[in-house]
Amino acid sequence: MVEHRVGEPQSHAPGASLSRIAVLIPCLNEELTVAKVVGDFRERLPAASIVVFDNNSEDRTVEVARQAGAQVHIERRRGKGHVVQAMFRQVDADYYVMVDGDDTYPASEVQRLLQPVVEGRADMVIGSRMQSGSKSEFRSVNLIGNVLFRAFTNLLFGARLSDLLSGYRCMTRGLVKSLPLFERGFGIEAEITIKALERGFRLVEVPVRLKARPQGSTSKIRVLRDGLTILGTIGSLFRDYKPLTFFGGLGLVVLGLTGAVVLWIGRAWLGMTATDASTLVVLNGLALVGLLLVAVGLILHTLNRRFQEMEYFERLPQEDSSRDSWVDPSLHG
Ligand SMILES: Nc1nc2c(ncn2[C@@H]2O[C@H](COP(=O)(O)OP(=O)(O)OP(=O)(O)O)[C@@H](O)[C@H]2O)c(=O)[nH]1
Ligand SMILES: [Mg+2]
């Protein structure tokens, strides 16, 4: 695998390596805005490497991004998820800023987003568009989707997030290099957030104000298709990461329904009404399915625990090596 090295560390003291920051910008047909995004982040983080990840844009995104001084990486597989997977695997840095190329997130907030990760207080800072102080200019359909998906995730995973899907984040190397990501499309933000939560990473939210896309710039979201993708992502992560609640819950529902029918028939029996043998066979079958679902939940829950233990030991060497990196003092306020 090719490591896309950014901003080679300069030695300030023997044995010390400078912290490197990479700004990662996924872009598909963003020729109108990408130069401004690159310029704004260059101004705020002069020493950072700015990498635009393009997906065969049909407009001049690649050219414009290069002219603006960004490194450009071409990812052949279409989809924001594919691009983010490539970014996380191929870019080597100590701290990562991820931001959309449509000039809707404020570069002026980047220091505030970086601060908690650089100070070691957080593993990921999410630029939240949905806190009271944010005053974001959402498209109404996006806002409804965001509120629903957030509620769904908070309920299923016991989280208290205000923004699940923000495209503006700062992350440590430890987090970026240890999340296995598989989403191809717009489910990627949900995947990053939920997988980070479930691995016990520290998430902090900082309010940011989302601007509307400028005139002439078009959204890449297809509301129904991408909405269903995001819902599917949250659902499958719930199944995979909370199997006892998922399968056990389903099993209890089936058992509860079976019990209700048995009671109802029992009452009918008391009233001397006959019931046929096939009903009893069906009820037996349903009770077995319910018990099986609970058993599957228990088995997967135990397996998950064991995998978590294995992952814990895999992560230790990475965490130890990231502790050695020297931190740029200009980021300490
Ligand atoms: N490289 C690449 N980038 C993509 C792809 N799809 C979306 N993006 C980029 O991902 C970012 C987010 O996409 P947007 O269309 O802005 O989605 P959004 O921010 O949720 O919604 P709007 O801003 O309302 O359009 C933008 O910078 C897009 O250019 C893709 O398939 N490939
Ligand atoms: Mg956008």
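All ligand and atom numbering here is 1-based and tracks the order in the structure.
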Legend entry - Atoms in ligand 1 flagged as close to Asn55, the criterion being non-hydrogen separation under 4.0 Å: 1 (N), 2 (C), 30 (C), 31 (O), 32 (N)
Legend entry - ligand 1-proximal atoms of His82, by part, heavy-atom distance under 4.0 Å: neither
Inset, instruction - Please work out whether any backbone atom (N, CA, C, O) or any side-chain heavy atom from C-beta onward of Leu165 is under 4.0 Å from ligand 1, and answer side chain, backbone, both or neither. - result: neither
Legend entry - Contact check: Arg139 vs ligand 1, nitrogen or oxygen atoms, below 3.5 angstrom: yes
Inset, instruction - State whether the shortest distance between N or O atoms of Phe186 and N or O atoms of ligand 1 falls below 3.5 angstrom. - result: no
Legend entry - Sub-4.0 Å atoms of ligand 1 with respect to non-hydrogen atoms of Ser219: 15 (O), 22 (P), 24 (O), 25 (O)
Inset, instruction - Decide whether the shortest distance between a heavy atom of Phe138 and an atom of ligand 1 is less than 4.0 Å. - result: no
Legend entry - Cys27 near ligand 1 by a heavy-atom separation under 4.0 Å: yes
Legend entry - Short N or O distance, Asp54 and ligand 1, threshold 3.5 Å exclusive: no
Inset, instruction - Identify, for atom 14 (P) of ligand 1, the protein heavy atom at the shortest distance, and state residue, atom and that distance. - result: Arg213 NH2, 3.4 Å
Legend entry - Exercise: do Tyr241 and Arg199 side chains pair donor with acceptor under 3.5 Å: yes
Legend entry - Heavy-atom proximity to atom 31 (O) of ligand 1, best of Pro26, Gly79, Ala86: Gly79
Inset, instruction - Tell me which one of Lys211, Arg222, Lys220, His73 gets a heavy atom nearest to atom 15 (O) of ligand 1. - result: Lys220
Inset, instruction - Tell me which part of Lys80 gets within contact of ligand 1: side chain, backbone, both or neither, using heavy atoms under 4.0 Å. - result: both
Inset, instruction - Using only N, O or S atoms, tell me which atom of Asp102 is closest to the Mg ion (ligand 2). - result: OD2
Inset, instruction - Would you check whether Thr104 has a nitrogen or oxygen atom less than 3.5 angstrom from a nitrogen or oxygen atom of ligand 1? - result: no
Inset, instruction - Check Phe53 against ligand 1 and report side chain, backbone, both or neither, counting heavy atoms closer than 4.0 Å. - result: backbone
